[in-house]
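Beneath this line is the structure, given in structure tokens, with notes to follow.
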Amino acid sequence: MVFKKGASVLKQEDMLIVQQKMIAPKIFELVLQGELVNEMSTPGQFIHCKPSRTDLLLRRPISLSSIDRENKRCTIIYRVEGDGTKNMSEMVSGETMDVLGPLGSGFPVEEITSNEVVVIVGGGIGIPPLYEVARQAHERGAKVISFLGYASKKVVYYVDEFKKLGDVIVSTDDGSFGEKGHVGMSLDKHLPQIKADAVYACGAKGMLAKVDDVFHDHPRAYISMEERMACGVGACYACVCHVKDEKDQSLSMKKVCDEGPVFKTGEVVL
Amino acid sequence: MNRLKISLPGLSLKNPIIPASGCFGFGEEYAAYYDLSKLGAIMIKAATLEPREGNPTPRVAETPSGMLNAIGLQNPGLDIIMNEKLPALEAYDVPIIANVAGSSVEDYVAVCARIGDAPNVKAIELNISCPNVKSGGIAFGTDKKVAADLTYKVKEVAKVPVYIKLSPNVTDIVPIAKEIEVAGADGLTMINTLLGMRIDLTTRQPILANQTGGLSGPAIKPVAIRMIHQVSRAVDIPIIGMGGVYTVDDVLEMYMAGASAVAVGTANFTDPYICPKLVEGLPARMDELGIETLEQLIRDVKEAR
């Protein structure tokens with residue numbers, strides 16, 4: 001791509017923190033406002049967030065969980081895992097956050113048509129990007145069925161939000177809420193009664209492997225990958241995954257940040 | 001008058017700011033962010049003769065004011081770099097410094113013999129200091145005889161000037177630099193990353209799949225400054241300085257240590273616009289410090305010794 005002089009696509013902005021709240025232990029919902037939202041439309045894309053501590057050099061890639069272009073606001077949901085996300089969780093409304101993005105490919109949702117059955121499969125902190133998918137699918141008149149898996153009742157979040165958009169089947173690993181077991185077990189139980197026109201999944205590798213297995217040859221089944229990143233723009237080659245060629249099954253590498261994070265099922269070696 | 005221009009073997013730079021190899025892909029990735037013609041030059045990602053897959057993930061980990069990487073020289077191989085990656089950069093008015101790596105002398109020689117055929121490749125950066133590959137890489141950069149022998153062989157075939165990228169992972173960098181100069185190197189680039197490790201307390205295992213990785217970022221800047229200072233006193237060939245450059249002051253500190261141009265690595269990940277920002281910010285700071293031109297600064301630093 002050749003940079004055209006005078007062309008100014010906004011990619012980075014100090015976005016205003018409108019709201020930050022803990023919605024489950026260690027899980028935070030952060031609402032940001034700024035012009036960058038004009039560039040956001042595709043669920044599954046992520047923003048690359050700079051912690052305010054200057055000794056933390058790397059940005060944190062966090063998926064968009066909802067986009068509100070009318071009010072120039074977007075929401076991200078993240079779990080505190082290390083120094084960077086801890087630092088992010090301590091930032092308060094009124095402050096700004098240095099944001100780069102939106103980055104990555106995102107889930108194809110424009111192909112969803114009215115009355116189609118859209119199956120959402122999310123696990124733990126993989127659930128947030130699927131909320132915007134479910135929202136846009138619902139808007140397009142699709143019937144949304146969401147399978148949401150959590151470790152236990154105490155870390156359950158956003159179930160009511162998903163319920164407003166369609167049917168929800170919740171599972172917890174310890175059975176403290178919803179069906180007992182991992183989300184793959186709920187899939188096995190309910191899928192025989194469902195004819196999915198499109199499938200969107202995000203979660204731990206094991207869960208993605210299950211979805212990839214069940215919907216391996218489905219023409220419209222997508223998974224979103226997570227990997228440690230540095231640049232977020234395809235330059236550093238940190239966040240790669242192996243992919244299989246559709247025809248000859250030969251292996252090659254793809255970068256999760258700019259060739260993903262969303263891939264078709266059957267493509268990534270999990 | 002362009003106060004920022006620098007003349008180096010093979011390189012006529014409009015300014016001294018060069019994205020460092022491995023931190024800027026093959027250039028195109030950042031073309032969506034700004035006009036690459038604003039850069040002094042671009043050091044593209046290491047080229048090897050055959051395609052390389054690189055290391056398993058995780059490949060990066062953060063450290064205080066730094067980061068570890070163990071990418072493992074993933075690249076599509078010389079053919080694709082010659083036929084696709086380098087031609088794509090011809091759209092910009094910017095010289096390319098091609099980083100070359102290999103696992104054997106023959107590999108290095110084969111790549112160096114061809115890569116200068118690309119019209120925009122104005123210099124080679126010989127990577128004898130990658131700490132993240134099992135064979136080759138750093139093995140060529142830690143022994144002065146091996147390093148000099150490779151320099152000599154590469155110089156015989158290279159069609160453009162050759163800069164050797166030095167490793168800081170040595171007891172004494174000066175004898176290696178001197179031997180490389182004698183072998184015919186046109187310049188040096190320094191420093192590559194420092195070998196490091198981080199361990200995950202829950203798994204009790206190193207975070208990086210490769211276990212060890214190269215430390216970069218502001219954490220290593222004082223090491224880079226010290227080594228450039230030492231080496232620039234011992235050799236007459238120019239040095240492109242790198243290691244933790246984030247600010248205009250860091251750029252000028254590299255000059256005062258003895259560098260003639262400056263590469264910027266990790267900072268691109270923090271701020272994709274950092275390189276043009278440094279170019280734009282230099283003149284004002286030079287005014288404050290009474291620096292007329294960078295070429296004059298290079299002469300002044302030399303004379304003051």
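Here is how names work: the chains are called A, B, and so on, in the same order as the sequence lines, proteins then strands, and each is numbered from 1. Remember, it's a predicted structure, so these values are computed and weren't measured experimentally.
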Can you tell me how far the CD atom of B:Glu29 sits from the SG atom of A:Cys231, to the nearest 0.5 Å?
7.5 Å
Closest-packed option against chain A by number of heavy-atom pairs under 4.5 Å, given B:Gly27, B:Gly66, B:Pro64:
B:Gly66
Relative to chain A, which segment of B:Pro58 carries a heavy atom at a distance below 4.5 Å: side chain, backbone, both, or neither?
both
Kindly compute the distance separating CD1 (B:Ile71) from SG (A:Cys236), expressed to the nearest 0.5 Å.
5.5 Å
Shortest non-hydrogen contact from B:Cys23 to A:Ala235?
O-CB, 4.3 Å
If you count the non-hydrogen atoms of other residues, nucleotides and ligands that lie under 6.0 Å from CD in A:Glu110, is the total more than 12?
yes
To the nearest 0.5 angstrom, please state how far the NE2 atom of A:His242 sits from the CD atom of B:Glu53.
3.5 Å
Please check this pair: side chain of B:Thr270 against backbone of A:Leu58, looking for a donor-acceptor N/O pair closer than 3.5 Å.
no
Examine whether an atom of B:Ala70 lies under 4.5 Å from a heavy atom of chain A, and if so say whether it belongs to the side chain, the backbone or both; otherwise answer neither.
neither
Worked verdict on A:Gln12 versus B:Tyr33 for side chain to side chain contact (heavy atoms under 4.5 Å, CB included):
CA-CA 9 Å; A:Gln12 184 271 331; B:Tyr33 290 80; over 6 Å; no
For A:Glu13, look at atom CD and say whether over 12 heavy atoms of other residues, nucleotides or ligands are found less than 6.0 Å away.
yes
So which part of A:Leu57 gets closer than 4.5 Å to some heavy atom of chain B, the side chain, the backbone, both or neither?
both
So for B:Pro272, is it side chain, backbone, both, or neither that comes closer than 4.5 Å to the heavy atoms of chain A?
side chain
Please report the interatomic distance CE(A:Met229) to OG1(B:Thr57), rounded to the nearest 0.5 Å.
11.0 Å
Region of A:His48 that comes under 4.5 Å of a non-hydrogen atom in chain B:
neither
Out of A:Asp98, A:Asp55, A:Asp83, which one racks up the most heavy-atom pairs below 4.5 Å with chain B?
A:Asp55
Which atom pair, heavy atoms only, marks the closest approach of A:Ala238 to B:Arg59?
O-CD, 3.3 Å
Presence of salt bridge, A:Arg228 and B:Glu62, under 4.0 angstrom:
no
Is the shortest heavy-atom distance from the side chain of B:Lys45 to the side chain of A:Tyr237 under 4.5 Å?
yes
A:Lys26, NZ atom: more than 12 neighbouring heavy atoms under 6.0 Å
no
Are A:Val233 and B:Phe269 packed together at the side-chain level, in the sense that at least one heavy-atom pair is separated by less than 4.5 angstrom?
no
